[in-house]
Amino acid sequence: MNKGPVWYIVTFVTIVLIQLLLMNNIQFSGYINPYFYILFIILLPISIPTYLLLIAGFFLGITIDIFSNTPGIHASATVFMSFIRPYVINSYNLEDQEKIKIPSIMNLGIKWFVKYLLIMVLVHHIFLFFIEVFSFSGFLHTLLRCILSSIFTFVFILISQFIVFRK
Amino acid sequence: MKNLLNFLLKFHHIILFILLEVICLTFIIKYNNFQRVKFLNSSNAIAGKVYTDLNTVKEFFNLRRQNEMLAAENKTLREELLTIRAANSNVLTIRQLDSSAVKLIPAKVINNSVNKQYNYITLNKGSLQGIRPDMGIICANGVVGVIVNVSQNYSTALSVLNGRLSINAKLLNTNYFGPLKWEGSNPYLAILSEIPYHVKVQENDEVVTSGYSEIFPEGILIGRVVKVGSSKSENFQEIYVQLSTDFNNLYYVDVIQNSMNSERRQLEKMTEYE
């Protein structure tokens, strides 16, 4: 199952559109805004070179930024997340890393995927929300917003995985 | 030289990471002087086009609600017109007001948010339609925001729900004025500060624009007082204001084009330097 660049471009556009058209319209009392778009980084193949991963993260973030008037904020969070990703994956000591191409539920099992997803979502959201506020005053308030949004992002991504990768 | 190359190869991902983060931080810091970022925002052509298309779909589902709102507005306007007509027939007109001083440019909101720390609005009119930065935006219910960036056919604006926007407001009953800022999380609440303690403020008092800044003319409704408290450090009251504009439900707005502004600005500049 080797997927060419066209497949990734189509996925990129689809995920960005889902974020802009659906997720940005979900608002509960000003606290929760799920950031579904990070799914693109999560699903990139394990064997991808780090520099490509970072650049992909940068372009994903800057695309979201342009549409939501926040130059740099989403981009810095996605770049940070892409930087952390290889360390998270390596820490699990996958046995046959070469064989597994895409870190999905189907390839790795639900337990592994949930752990991996949770870490990635938290890393991205904590970085994003603190960069957005740009100060540590009101630390707990920001952390609460961050955790609430993380829960929603996590659930949405998990549901999407069950829909797309059905057996 | 060879060592240096080896070093670069070995740590290329860390170097790239730092480089990209620095680029992002430059954007963020530059963006704090938000007028300077001219192109990386949703008033550019591509993003504007996408939002317009998306909006035509969204609009369809809101037609009924918008019709009701327009009908209600029509009713109040007609009532006002009748009262004015009745009053006019009894009064001798002394001075004809220059009716061309303030003009409104109607525009449609094509993007809007209420759940960020710094919320922005995108409008479907731009410099070709006469919109310039620093113009005020109002809607049928009250104040909406201030234009910051303009492209040919689109413009972006700070909404009242943006920590960077402070509006000069006054209490309608007592004429005391002060800056009004968003409260930070509730899209219906703002805080009016710098009102001294001896001023008696009651719930439901109307808060309107003061007309001291050139952006909004005097007397446009902002909201009503819901709670009066004291600020922590200063000798002033802190007044919580329920905003009259529903930012969750914002479709048609008017941009204020005040032709007297340039004259006023010139005069105020002259006095400043003396």
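So you know, we letter chains A, B, ... as the sequences are listed, proteins then strands, and number each from 1.
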* Asked: Given B/F27 and A/I62, is the side-chain contact (heavy atoms from CB on, under 4.5 Å) satisfied, shown in steps?
  -> CA-CA 10 Å; B/F27 276 145; A/I62 213 81; 3.7 Å; yes

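Residue-environment remark: CZ (A/F59) stays at or below the threshold of 12 foreign heavy atoms within 6.0 Å.
Looking only at heavy-atom pairs under 4.5 Å with chain B, the residue among A/L20, A/T50, A/L54 that has the most is A/L54.
Note on ring orientation: taking the six-membered ring where Trp is involved, the planes of B/F17 and A/F83 are parallel (angle under 30°, cut-offs 30° and 60°).
Residues satisfying the salt bridge (charged side-chain N to carboxylate O under 4.0 Å, His left out) test with A/E132, not counting sequence neighbours, are A/R145.
Going from atom CD of B/E21 over to atom CZ of A/F127 covers 4.5 Å, rounded to the nearest 0.5 Å. Separating the CD1 atom in B/I23 from the OG atom in A/S76 is a distance of 12.0 Å, to the nearest 0.5 Å. Distance check, rounded to the nearest 0.5 Å: CG of A/D65 to SG of B/C24 gives 7.5 Å.
Using a 4.5 Å cut-off between heavy atoms, A/F58 touches chain B through its side chain atoms alone.
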Taking only distance into account, with no hydrogens and no angle test, what donor-acceptor pairs under 3.5 Å do side-chain atoms of residues 4-16 of chain B form with protein atoms, sequence neighbours excluded?
residue	atom	partner	partner atom	Å
B/H12	ND1	B/L9	O	2.9

